[in-house]
Amino acid sequence: MYTQGLDQQGKTENRRDSLETPERLEAFQARIDAEEKIEAKDWMPEAYRRTLIRQISQHAHSEIIGMQPEGNWLTRAPSLKRKAILLAKVQDEAGHGLYLYGAAETLGISRDRMVADLLSGKAKYSSIFNYPTLNWADIGAIGWLVDGAAIMNQIPLCRCSYGPYARAMVRICKEESFHQRQGFEIMHVMANGSEDQKAMAQDALNRWWWPSLMMFGPSDKDSKHSAQSMAWKIKRFSNDELRQKFVDVTVPQADFLGLTVPDPDLRFDETSGHYCYGEIDWQEFHDVIAGNGPCNRQRMETRRRAQDDGAWVREAARAYAAKHAAKAA
Amino acid sequence: MTNQEWPLYEVFIRTRSGLSHRHAGSVHAPDDQMALDHARDTYTRRNEGVSIWVVRSDRIVASDPAESSALFEPAEDKIYRHPTFYEIPEGVENL
């Protein structure tokens, strides 16, 4: 991921190379169609680069903001074992953010630029992280449902046409499986616990079910980025296809837990072999995306404060490095 | 803000002895030692490695993909470098 080199030498050359002639575009699409991977320094259309930067950086921001809802329970986990597990999971989310920032940087955007775009509100992150974690079972529900939905989304991304993104996703998917299973285990323990614990598990499912379905994004008929992303093999399945897969695998798991999915319209359709589910509240989805979810402001404030509070550490590390470099010279 | 960004390092991991180091990704760090520490925290949280190399990304010299056909052209017409080029009569063994 040779970003900096790319930044520096690209300046003059790039202008000549970036001419998007029909021949170039056609050759590029032919490589995609032949399932060839595109690598960082390869020629690519500007729109392909921009789409990837938007998607990968949003994905990275989601991992970073995603540490907050769970971080909320680190000091209140019910046992040392659960605390150690949760800490490892939150560290993984930080790691996933870093893999993804690294992959986005290969496209010629700097880390600082991405961080600045997140903090200014210009860049988005997944709507799911704007919901609060009110009881311990929420940590179970997040692992089971939110990470479960993320895995559905992410497994096809391992075959994405852009090499650095695909490789980062392979690494991430390996680690997500632990996240989902630890979440299901929490739900299983609580669903088989006291009446109060079972009620907490049901309450968590009630609050996380619909936001989890929204994680797959707008319905296919309203999804503005889908068609081109499919043609470029950045995306392999449509939002609705992935959402359906998620519902199909998750409903039997809820049955196993003895919990009720909060959807009165949910039913198994014998002819299609799929579960039919009720209408998603798209108004809520758009409100949360627009910044008006239950925790949007809190999440951004926490992130900005972390950035500001860490400034002296970054500066001290730079000063230390400069001092030692001077000594060595 | 931008010019204060820590330099970028490429990370290479040897997953176990006997294998070569392989590119894993990149990290930002203010100096070499912290690049190693960050690489460990980022890429080996599950014992994925027994050895790490880090190198400043701007020190890597890379070939240009746009020139790759010219760069590798000399090898293209030298099929006699492959064992399958040679015809061996039937019945000859261990060759």
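Quick note on labels: first sequence line is chain A, next is B, and so on, each numbered from 1.
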Output, in order, the C-alpha distance, side-chain angles, deciding distance and verdict of salt bridge (Lys or Arg N to Asp or Glu O under 4.0 Å) for D92(A) and R45(B).
-> CA-CA 8 Å; D92(A) 274 355; R45(B) 287 192 304 284; 2.8 Å; yes
From CA spacing to verdict: salt bridge (Lys or Arg N to Asp or Glu O under 4.0 Å), D147(A), K89(A) = CA-CA 11 Å; D147(A) 289 295; K89(A) 181 176 189 292; 2.9 Å; yes
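At a 4.5 Å heavy-atom cutoff, R59(B) makes no contact with chain A through either its backbone or its side chain. Proximity to chain A is absent for every atom of Q33(B), based on heavy atoms less than 4.5 angstrom apart. For chain B, the nearby part of Y320(A) is the side chain; its heavy atoms alone come within less than 4.5 Å.
Formation of a donor-acceptor pair under 3.5 Å by the S57(B) side chain with backbone atoms of L8(B) is found in this model.
Between F85(B) and Y80(B), the two ring planes are perpendicular [angle over 60°; tilted spans 30° to 60°].
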